[in-house]
2 protein chains.
Amino acid sequence: MSLRYALLGLLAEEPASGYDLARKFERNLRRYAWHAQHSQIYPELNRLAADGLATVVEQGPRGRRTYAITDVGRIELRRWVLDPNDEPVVRNEHTLKLFLLSTLDVEDARKVLRQQAEGSREEYERLRAAIDEAQQAGRPAVSLLAAELGARYFQTLHEWAQWALDRLDSAEDRSGNA
Amino acid sequence: MSLRYALLGLLAEEPASGYDLARKFERNLRRYAWHAQHSQIYPELNRLAADGLATVVEQGPRGRRTYAITDVGRIELRRWVLDPNDEPVVRNEHTLKLFLLSTLDVEDARKVLRQQAEGSREEYERLRAAIDEAQQAGRPAVSLLAAELGARYFQTLHEWAQWALDRLDSAEDRSGNA
DNA sequence: ATTTACATGTAAGACGTTACATGATTCT
DNA sequence: AGAATCATGTAACGTCTTACATGTAAAT
């Protein structure tokens, strides 16, 4: 049911069309929290409207329909966000690969870690710059919490990769190899 | 296809039965990287064996079959881990809720953040203790990289939640509320 | 003797991805 | 005029969850 609440959450931030929502997933959510293709979004929007959690507030060109969350939808979203999910399941192919690094030989592991350190540094800097810009533009503090979390995740990933590279070096030193 | 490689990766660490693998997902992987139920694991193990990527190396009591990764399986696993997946998709219901905090009013957001700060601190300490113990026991450095990443993720989550609470306080001060 | 843990499997339904399908509007 | 983008939808297929199903071995 997460898709339903992801859509409801995005609509709670601002009204949007299915097309808009697909781009929001792609740009803002996919790398951190959730994803959906348009083929999943459009039918779910119709269900949300049928269930009275969202409603069409504007018809635009090319059949565009802008949806907004309803009061009932907001109550249902709040209930879901406040409900502590005890046994969370994370699916992250990238993290899975990092967890399986120990199955590679040291040179392969080093290669992955170097790519990782580089990639996460870039992503961190990109996010940090975006946050700074949003702050300059006067965006409210609460709307930047998510971006800050994303930035810190990539920072952590970067620092971990650097630390892991150091660790492999010193382990190799102790074992007496070149 | 991630499940296939998750299983291959776990078998690359050590031979295991479907039952063992289900427990490894539950205990080591579910909160960080991937998950699978036994109903998915057993059929996939049969497919891995049929494809020559894993093989039964021991028959135990109660129909237990211990699988090991084959040389072909190891090559295929290495190929997958080294292959940079350009457009990663993360599904994390917990992170999704944190990303949607801005849709709540400030008191609700504070409540979630306090729970978050507490929960992630506990999880961090649990992991840190486990790592220390493994280190004392002389586990090789490379096998602890994943645990270290998990610990750092929770540490980051904790620090972010604390920071976010501070942020909400100072935003409230500036707006002149109690 | 009973309970708990071990151990494997299948089936139905929900969820998610990829491919197919169509058409309007805007930009160059 | 042609290309890119906007915009919505369905269908087939693959993945994942939940429920059903069965039986053995170890622990109390």
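Side chains included, hydrogens not; waters and symmetry mates left out as well; all remaining heavy atoms used. The sequence lines fix the lettering, A, B, ..., with proteins before strands; numbering per chain opens at 1.
- Atom CD of B:Glu58 and atom P of C:dT8 are 11 Å apart (whole Å).
- Ion pair B:Lys24/B:Glu14 flagged as a salt bridge, since at least one NZ, NE, NH1 or NH2 atom sits closer than 4.0 Å to an Asp/Glu carboxylate oxygen.
- Separating the CD1 atom of B:Ile41 from the C1' atom of D:dT15 is a distance of 14 Å, rounded to the nearest angstrom.
- Proximity of A:Lys111 to A:Glu107: side-chain heavy atoms (C-beta onward) are nowhere separated by under 4.5 Å.
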Should B:Tyr153 and B:Tyr32 be marked as a ring pair (Phe, Tyr, Trp, His ring centres under 6.0 Å) after you check the CA-CA gap, both sets of side-chain angles, and the distance that decides it?
CA-CA 9 Å; B:Tyr153 265 137; B:Tyr32 312 102; 7.9 Å; no

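- For residues 40-49 of chain A, the pairs satisfying salt bridge (Lys or Arg N to Asp or Glu O under 4.0 Å) are A:Arg4-A:Glu44, A:Glu44-A:Arg47, with sequence neighbours left out.
- At a threshold of 4.0 Å, the pair B:Arg128-B:Glu125 does not count as salt-bridged, since none of the basic side-chain nitrogens sits closer than that to a carboxylate oxygen.
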Please table the atom pairs, donor to acceptor, closer than 3.5 Å between any side-chain atom in residues 130-138 of chain A and protein atoms at least two apart or in another chain.
none

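- The side chain to side chain contact (heavy atoms under 4.5 Å, CB included) test applied to A:Ala49 returns A:Tyr67, not counting sequence neighbours.
- The nearest whole Å value for the distance from the CG atom in A:Asp20 to the C1' atom in D:dC6 is 10 Å.
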Could I get a table of every N or O pair under 3.5 Å where one atom is in the protein and the other is in nucleotides 9-14 of chain D?
{"residue": "D:dG9", "atom": "OP1", "partner": "A:Arg65", "partner atom": "NH2", "Å": "2.5"}
{"residue": "D:dG9", "atom": "OP2", "partner": "A:Arg65", "partner atom": "NH2", "Å": "2.8"}
{"residue": "D:dG9", "atom": "N7", "partner": "A:His38", "partner atom": "NE2", "Å": "3.4"}
{"residue": "D:dG9", "atom": "O6", "partner": "A:His38", "partner atom": "NE2", "Å": "2.8"}

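- Along DNA chain C, the nucleotide nearest B:Val89 and the nucleotide nearest B:Ser17 are compared for position; the residue whose nucleotide lies closer to the 5' end is B:Ser17.
- For the pair A:Glu44 CD and C:dA14 C1', the interatomic distance rounds to 11 Å; values are reported in whole Å.
- By the 4.0 Å N-to-carboxylate-O rule, A:Arg114 lies too far from A:Glu118 to be salt-bridged with it.
- Taking the charged nitrogens against the carboxylate oxygens, A:Asp20 and A:Arg64 do have a contact shorter than 4.0 Å, which makes a salt bridge.
- Between B:Glu26 and B:Arg23, none of the side-chain N atoms (NZ, or NE/NH1/NH2) sits under 4.0 Å from a carboxylate O, so this pair counts as no salt bridge.
- Take B:Arg126 and apply the salt bridge (Lys or Arg N to Asp or Glu O under 4.0 Å) test, not counting sequence neighbours, and it matches B:Glu123.
- B:Leu77 has its side chain out of reach of B:Leu53: every pair of non-hydrogen atoms, C-beta onward, lies at least 4.5 Å apart.
- Scanning residues 4-14 of chain B for heavy-atom distances under 4.0 Å to DNA chain D yields an empty list.
- Residue A:Arg64 contributes atom CZ, which lies 17 Å from atom P of D:dT5 at whole-angstrom precision.
- For B:Arg78 and A:Asp105, the salt-bridge test fails: no basic side-chain N is under 4.0 Å from an acidic carboxylate O.
- For C:dG16, one of the phosphate oxygens OP1 or OP2 lies less than 4.0 angstrom from a side-chain nitrogen or oxygen of B:Arg91.
- Summary of helix geometry: the two end axes of the helix from C:dA1-D:dT28 to C:dT28-D:dA1, each defined by five base pairs via their C1' atoms, are inclined to each other by 30° (rounded to 10°).
- Evaluation of the side chain to side chain contact (heavy atoms under 4.5 Å, CB included) rule for A:Tyr42 yields A:Tyr19, A:His38 as partners, not counting sequence neighbours.
- Between the C1' atom of C:dA12 and the CD atom of B:Gln37 lies a distance of 15 Å, rounded to the nearest Å.
- What separates CG of A:Leu29 from P of C:dG16 is a distance of 13 Å, to the nearest Å.
- Taking every heavy atom of residues 78-88 of chain A and every atom of DNA chain C, no pair lies under 4.0 Å.
- Applying the ring-ring contact (aromatic ring centres under 6.0 Å, His included) criterion to B:Tyr5, with sequence neighbours excluded, gives B:Trp80.
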Going 5' to 3' through nucleotides 23-28 of chain C and flagging B where a protein heavy-atom sits under 4.0 Å of the base, S where only the sugar-phosphate is that close, and - otherwise, we get BBB---

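- Computed from coordinates, the A:Glu93 CD to C:dG16 P distance equals 16 Å when rounded to whole Å.
- With sequence neighbours left out, B:Thr103 forms a side-chain hydrogen bond (donor to acceptor under 3.5 Å, both in side chains) with no residue at all.
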